[in-house]
**Q** 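Below is one structure. I have some questions about it.
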Amino acid sequence: MSKIAAYHTDSLEYPPSHRNVYHDHDNCPAGKQIKQWHRKPGQDGRPRCDDCKKLG
Ligand SMILES: [Zn+2]
């Protein structure tokens, strides 16, 4: 469990709760559902994912 570089996704495959935020933790349950090829680097001005906040 550790922090990783921020990423987000634009893919409509994911619900807004996953898509409208950015993730930065490798153990985030929502982030883990985002496939590698759907991930884009950076925060893109989005708020941080709640699960990533809890994980630290
Ligand atoms: Zn997350």
Side-chain angles (χ1 to χ4, degrees):
M1 282 179 37
S2 60
K3 285 192 75 172
I4 54 173
Y7 66 92
H8 63 281
T9 185
D10 284 334
S11 174
L12 297 176
E13 274 194 40
Y14 308 101
S17 57
H18 292 26
R19 194 175 64 238
N20 292 342
V21 296
Y22 76 87
H23 305 274
D24 65 358
H25 203 287
D26 67 0
N27 205 40
C28 173
K32 280 203 281 195
Q33 290 176 33
I34 300 173
K35 296 183 179 76
Q36 205 67 45
W37 56 91
H38 286 144
R39 295 184 185 197
K40 295 186 170 186
Q43 303 178 2
D44 196 40
R46 296 161 198 237
R48 193 177 175 206
C49 159
D50 282 338
D51 287 323
C52 288
K53 278 185 201 166
K54 280 184 222 152
L55 290 163

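Only this structure's heavy atoms are used, side chains among them; waters, hydrogens and symmetry mates stay out. Everything numeric in this text was worked out from a predicted model, so none of it was measured. For ligands, and for the atoms within them, numbers begin at 1 and follow the listed sequence.
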**Q** I'd like to know if the side chain of H38 reaches the main chain of Q33, judged simply by a donor and an acceptor atom lying under 3.5 Å from each other, with no hydrogens or angles considered.
**A**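 It does not hold such a pair.
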**Q** Do the side chains of D44 and R19 get close enough for a salt bridge, i.e. N-O under 4.0 angstrom?
**A**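 Looking at R19 together with D44, the answer is no, because their closest N to O distance does not fall below 4.0 Å.
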**Q** Give me the protein N, O or S atoms that fall under 2.8 Å of the Zn ion (ligand 1), sorted by chain and residue number.
**A**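 Protein N/O/S atoms under 2.8 Å of the Zn ion (ligand 1): H23 ND1, C28 SG, C49 SG, C52 SG.
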**Q** Check whether D24 reaches the backbone of K3 with its side chain - one donor and one acceptor, N or O, closer than 3.5 Å.
**A**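 Checked: no pair found.
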**Q** Indicate yes or no for a side-chain donor-acceptor contact from H25 to the backbone of N27 under 3.5 Å, with no hydrogens or angles considered.
**A**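 The answer is yes, because a donor-acceptor pair under 3.5 Å joins these two groups.
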**Q** Within the distance-only criterion (no hydrogens, no angle test), does the side chain of R39 pair as donor or acceptor with the backbone N or O of G31 below 3.5 angstrom?
**A**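 Pair found, side chain donor or acceptor close to backbone of G31.
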**Q** Sequence neighbours left out, cut at 3.5 Å: what donor-acceptor pairs do the side chains of residues 49-56 make with other protein atoms?
**A**
none

